J.: 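Just passing along the structure, written as structure tokens.
This one's a predicted model, so the numbers in the text were calculated from it and none came from an experiment. Chain A is the first sequence line, chain B the second, and so forth, proteins listed ahead of strands; every chain is numbered from 1.
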Amino acid sequence: MALFDKAWAIKTGGAFVLRIEDTDQARLVEGSEQQIYESLRWLGLDADESPEVGGPYAPYKQSERLDTYRPYVDQLIEAGHAYYCWCSGERLAQMRADQQASKQADTGYDRLCLGKTREERAALPGFSETPVVRMLIPEDVDLTFDDLIRGQVRAPMPDDQVILKADGFPTYHLAVVVDDHLMGITTVVRGEEWISSTPKHRLLYRWLGWDEPDYAHMPLLRNPDKSKISKRKNPAARLLWFREQGYLPEALRNFLQLLAYPPAEGDQEVSSFTEFVEQFDWSKISTVGPIFDTKKLDWLNGVYLRALPTDELADRIIEYALASGQLAEITPARTEVIRAATPLIAERLVTLAEAMPKIAFLFADDESLPINPEAVAKLTSDAPQALDAGIEVLGELDDWRTESIQSALKTRLVDEMGLKPKFAFAPERVALTGEQVSPPLFESMEILGKQATLARLRRLRELISAGGQSQ
RNA sequence: GUCCCCAUCGUCUAGCGGCCUAGGACUCCGCCCUUUCAAGGCGGCAGCGCCGGUUCGAAUCCGGUUGGGGAUACCA
């Protein structure tokens, strides 16, 4: 949502305002506000005005604006558009249960309190000391409105919605209208689930004599089981989860864009935020709730990873390794190795999280490098000779660069000994990295250095003799 | 239950009456490249939910039906 808000704000020269709608005391969650700021910052979608940075209409947190709402409530009551209601929660629950049971068509509030004084109402059952204030929805409410994304939309008939709660807090419905008007909001972008509330909001605008904003109701993201996305069913509902998994914010941004918006000219799926803003158009947004499937994100992340300049990618790998605990601390020596190794793994990465494990062998001790027994078991009977030859030819090599290493080994193992490259280099790979699969071999040797390379080749050679090669 | 929204490959989508024997991307499967794994190149599998209408002609328009989602709170 913020993505589209921001795009629209930039495109029209407006401001992207972040307001915290914390009118439900019972649902306050520790740290969630901070998480919102953090997520937006990470994605590069910082708000122009927010509780954090302030702005001309501060405060931007509804719990700090309680005094703002009260006068409008009184105004509505005086005008006869709203009324007090003393019905207890139990009575309302009972009323709803009865309505359900009798399969009535309309299920709204039964207006028991309408037109009654406190004393009159107190004489009836289900009375609560602290009243709420409800809107008096007229028979002829306008149920249709124009939506930027969907065109003309029809919404359900609302019931007498509570606008001021017993604890003195406004409900979302009142607060959003008052704040949007006071803060000069011109475009309301929100989830599809708000379509049914829109007639109430429009009524409030009219009663208060204010100009209405435009509405854009976005489709709802869904879990793979098609239900509305939830943090319980889907860890990905928490944006920072992606940072923890090693995704790039620019890739996630691109992915989110694709989720509800068609690719740009020429089916260009990879597009920058700038390009997105340039051709942004509400009517192009899809009306279907997309399923949040991260397969495409994996691909996109790889695309963005590969597009990064080597040093920047190395920096991001280090940053991630530090934040995730893959690396306890960074030293100049480590930085150097990581930078040297980054080009080798750049096109092999899906996420930043995979980088360190792929180059862990570069940081291991020659004597304690873990060697995967399965990798050893798959070596052929040529392995001992290949290792011996490798040790010999590399031992004589002074020019320790990738090209010389490669040509020395190739000349001896492939050209002279007649081994197939596939089998010729497998033993050195296992010796060097402990695995069958690894970053490019000769480049790794160069980074590791002559001494370490030879030590590792010898170590595997001994291991094979000691273990007794079966084939 | 009632009301509202939505409906093209497994997924994200293009399509807005003929250009569609439905295009692209991801995934998956082959082949090529190749010291492993990737990346890259080439190719393949796979879809207009269903039934009626409108029309010379429907993925595109209309109605119904089915399916999915949402709302129905002193939650947002």
Side-chain angles (χ1 to χ4, degrees), chain A residues 21-27 62 85 87-89 92-93 96 99-109 128 130-134 143 147 150 153-159 161-173 175-176 190-199 217 219-220 222 224-228 255 258-263 266-270 286-300 302-303 306 344-350 358 375 406 409-410 413-414 419-426 428-430 433 435-442:
Chain A
E21 316 210 301
D22 53 349
T23 56
D24 187 0
Q25 298 270 280
R27 290 212 316 172
Q62 289 180 332
C85 171
C87 287
S88 66
L92 292 173
R96 245 171 253 124
Q99 286 172 341
Q100 284 283 352
S102 66
K103 297 188 176 176
Q104 259 179 272
D106 35 69
T107 54
Y109 176 61
S128 163
T130 46
V132 301
V133 177
R134 289 180 182 275
L143 296 178
D147 187 277
R150 294 154 199 272
V153 175
R154 192 184 166 78
M157 181 74 186
D159 74 339
Q161 180 65 50
V162 171
I163 53 173
L164 191 71
K165 306 184 218 182
D167 64 4
F169 275 70
T171 57
Y172 168 81
H173 305 289
V176 76
R190 47 166 47 157
E192 191 181 4
E193 76 263 38
W194 291 109
I195 289 178
S196 53
S197 297
T198 304
H217 288 97
L220 256 23
R222 297 193 278 165
D225 71 357
K226 298 191 176 182
S227 59
K228 179 176 164 182
F255 174 68
L258 249 24
L259 226 38
Y261 203 82
D267 291 318
Q268 191 56 47
E269 308 240 352
V270 180
S286 138
T287 50
V288 190
I291 289 172
F292 205 86
D293 179 2
T294 54
K295 277 282 176 17
K296 193 173 247 182
L297 173 61
D298 285 342
W299 166 73
L300 266 175
V303 171
R306 272 170 253 130
L344 311 191
I345 55 171
E347 64 191 25
R348 278 156 245 267
L349 295 178
V350 171
K358 278 196 198 307
Q406 174 165 11
L409 284 173
K410 185 167 176 293
L413 300 182
V414 179
L419 294 173
K420 282 213 159 71
K422 189 175 177 181
F423 299 116
F425 303 124
E428 5 280 288
R429 182 182 305 284
V430 175
T433 69
E435 295 289 345
Q436 282 174 264
V437 172
S438 80
L441 185 59
F442 311 117

J.: Using modelled atom types only, decide if a donor and an acceptor are shared between the side chain of Thr171(A) and the backbone of Val162(A) within a distance under 3.5 Å.
T.: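 Yes, because the side chain of Thr171(A) sits within donor-acceptor range (under 3.5 Å) of the backbone of Val162(A).
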
J.: What's Pro158(A) touching, base or sugar-phosphate or nothing? Going by heavy atoms closer than 4.0 Å.
T.: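 No contact.
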
J.: Now, which nucleotide makes the Watson-Crick or G-U wobble pair with U60(B), with each of the two distances under 3.5 Å?
T.: none

J.: Scan Ala26(A) against the nucleic acid and name what it touches under 4.0 Å (heavy atoms): base, sugar-phosphate only, or nothing.
T.: nothing

J.: Let's go through Glu269(A) and Phe255(A) carefully: what are the C-alpha distance in whole Å and the side-chain angles of both, what is the deciding distance for side-chain contact (heavy atoms from CB on, under 4.5 Å) to 0.1 Å, and is it a yes or a no?
T.: CA-CA 9 Å; Glu269(A) 308 240 352; Phe255(A) 174 68; over 6 Å; no

J.: Let's test this: given Watson-Crick or G-U wobble pairing with both distances under 3.5 Å, identify the partner of G67(B).
T.: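 Per the H-bond distance test, C6(B).
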
J.: Without decimals, in angstroms, what is the distance between Gln161(A) CD and U72(B) C1'?
T.: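 Rounded to whole Å, this separation is 10 Å.
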
J.: With a 4.0 Å cut-off on heavy atoms, is Thr433(A) in touch with a base, just the backbone sugar-phosphate, or nothing at all?
T.: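 No contact at all - Thr433(A) keeps every heavy atom at 4.0 Å or more from the nucleic acid.
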
J.: If we count only N and O atoms by modelled type, under 3.5 Å, do the side chains of Ser438(A) and Arg429(A) hold a donor and an acceptor together?
T.: yes

J.: Would you mind reading off the distance between Met157(A) atom CE and C3(B) atom C1', rounded to a whole angstrom?
T.: 12 Å

J.: I want to verify a distance call: between C6(B), C37(B), U27(B), whose nearest atom is closest to the Val437(A) side chain?
T.: C37(B)

J.: Could you check which nucleotide pairs with G1(B) in any of the strands shown, counting Watson-Crick or G-U wobble with both distances under 3.5 Å?
T.: U72(B)

J.: If I pick the C1' atom on C45(B) and the same atom on A25(B), what distance separates them, to the nearest angstrom?
T.: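 That atom pair is separated by 16 Å.
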
J.: Of the nucleotides C74(B), U36(B), U13(B), which has the atom closest to the Ser128(A) side chain?
T.: C74(B)

J.: For the side chain of Lys165(A), counting heavy atoms from C-beta on, which of A38(B), A76(B), U35(B) is nearest?
T.: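 Looking only at heavy atoms from C-beta outward on Lys165(A), the closest nucleotide is A76(B).
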
J.: Just wondering, do Pro170(A) and Gln62(A) contact through their side chains at under 4.5 Å, heavy atoms?
T.: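 SC-SC contact between Gln62(A) and Pro170(A) ruled out.
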
J.: Can a donor-acceptor pair under 3.5 Å be found between the side-chain atoms of Arg154(A) and the base atoms of C4(B)?
T.: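 Flag unset: no donor-acceptor pair detected.
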
J.: Using whole Å, what does the distance between atom P of nucleotide U13(B) and atom CD1 of Ile291(A) come to?
T.: 10 Å

J.: Between G10(B) and Lys296(A), is there an OP1 or OP2 to side-chain N/O distance shorter than 4.0 Å?
T.: no

J.: Between Arg134(A) and C74(B), is there a contact of a side-chain N or O with OP1 or OP2 at under 4.0 Å?
T.: yes

J.: Closest nucleotide of RNA chain B for Asp167(A) versus for Ser227(A): which of these residues is on the 5' side?
T.: Ser227(A)

J.: Looking only at side-chain atoms of Phe425(A), point me to the closest of U35(B), C5(B), C37(B).
T.: U35(B)

J.: Glu193(A) has an atom CD; how far is it from atom P of A73(B), in whole Å?
T.: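 Whole-Å distance recorded here is 16 Å.
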
J.: U55(B) and U2(B): how far apart are their C1' atoms, nearest whole angstrom?
T.: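 Taking atom C1' in both U55(B) and U2(B), they lie 37 Å apart.
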
J.: Counting N and O atoms only, with roles assigned by atom type, does the side chain of Glu347(A) sit under 3.5 Å from a partner on the main chain of Arg306(A), one being a donor and the other an acceptor?
T.: no

J.: Of the listed nucleotides (G70(B), C74(B), G68(B)), which one gets closest to any side-chain atom of Leu220(A)?
T.: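 For Leu220(A), the side-chain atoms sit closest to G70(B).
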
J.: Out of A7(B), U35(B), A76(B), which nucleotide sits closest to the side chain of Thr287(A)?
T.: A7(B)

J.: Does C31(B) have a Watson-Crick or wobble partner in any strand here, with both distances under 3.5 angstrom, and which is it?
T.: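 When the pairing criteria are applied, G41(B) turns out to be the nucleotide that pairs with C31(B).
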
J.: Specify the separation, in whole Å, of atom CZ of Arg306(A) and atom P of A38(B).
T.: 12 Å

J.: Taking atom C1' in both C51(B) and C56(B), compute the distance separating them and give it to the nearest angstrom.
T.: 23 Å

J.: Where the side chain of Asp267(A) is defined as all heavy atoms beyond and including C-beta, which of U27(B), G23(B), C3(B) is the nearest nucleotide?
T.: G23(B)

J.: Roughly how far apart, to the nearest Å, are C5(B) and G63(B) at atom P?
T.: 12 Å

J.: Report the C-alpha separation of Leu258(A) and Leu300(A) in whole Å, then their side-chain angles, then the decisive distance to 0.1 Å, and conclude whether the side-chain contact (heavy atoms from CB on, under 4.5 Å) test is met.
T.: CA-CA 11 Å; Leu258(A) 249 24; Leu300(A) 266 175; 4.1 Å; yes

J.: For the backbone of Leu349(A) and the side chain of Lys358(A), can you confirm whether one donor and one acceptor N or O come within less than 3.5 Å of each other?
T.: no

J.: Looking at U36(B), which nucleotide sits across from it as a Watson-Crick or G-U wobble partner, both distances under 3.5 angstrom, or is there none?
T.: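 When the pairing criteria are applied, nothing turns out to pair with U36(B), so the answer is none.
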
J.: Looking at every strand, decide which applies to Phe442(A) at a 4.0 Å heavy-atom threshold: base, sugar-phosphate, or nothing.
T.: base

J.: Taking atom P in both C48(B) and U8(B), compute the distance separating them and give it to the nearest angstrom.
T.: 11 Å

J.: Within this structure, what is the CD1-to-P distance between Ile345(A) and C37(B), rounded to whole angstrom?
T.: 18 Å

J.: Just to be sure I understand the rule, does Cys87(A) reach a base, reach only the sugar-phosphate, or reach nothing, if contact means heavy atoms closer than 4.0 Å?
T.: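 Result for Cys87(A) = base.
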
J.: Heavy atoms only, 4.0 Å cut-off, all strands: where does Glu269(A) land among base, sugar-phosphate and nothing?
T.: base

J.: Rounding to an integer number of angstrom, what distance separates A76(B) and C20(B) when you compare their C1' atoms?
T.: 44 Å

J.: Just compare C6(B), C4(B), U13(B) and give me whichever is closest to any side-chain atom of Arg150(A).
T.: C6(B)

J.: Assuming nearest nucleotide by heavy-atom distance, tell me which of Val132(A) and Glu347(A) is located more 5' along RNA chain B.
T.: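 Between the two, 5'-proximity favours Glu347(A).
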
J.: Out of the candidates Arg190(A), Glu192(A), Glu193(A), only one should pair with His217(A) under the side chain to side chain donor-acceptor pair (under 3.5 Å) rule; please name it.
T.: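 The passing option is Arg190(A).
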
J.: Please check the phosphate of G70(B) (OP1 and OP2 only) for any side-chain N or O of Arg222(A) closer than 4.0 Å.
T.: no

J.: To the nearest Å, how far apart are Gln268(A) CD and A14(B) C1'?
T.: 14 Å

J.: Distance check, C1' atoms only: C28(B) and U35(B), in whole angstrom units.
T.: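 Each nucleotide's C1' atom is 27 Å from the other's.
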
J.: By nearest atom, which of the nucleotides A39(B), U13(B), C74(B) is closest to the Val162(A) side chain?
T.: C74(B)

J.: Mark yes or no for whether Asp298(A), through its side chain, and Val350(A), through its backbone, hold a donor-acceptor pair below 3.5 Å.
T.: no

J.: Is Ser196(A) close enough to C5(B) that one of its side-chain N or O atoms is under 4.0 Å from OP1 or OP2 there?
T.: no

J.: Can you tell me how far C1' of G68(B) sits from NZ of Lys228(A), to the nearest Å?
T.: 15 Å

J.: If we take the P atom in both G53(B) and U60(B), what is their distance in whole Å?
T.: 15 Å

J.: Is the distance from OP1 or OP2 of C74(B) to the nearest side-chain N or O of Arg96(A) less than 4.0 Å?
T.: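 For Arg96(A), the contact criterion (side-chain N or O under 4.0 Å from OP1 or OP2 of C74(B)) is met.
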
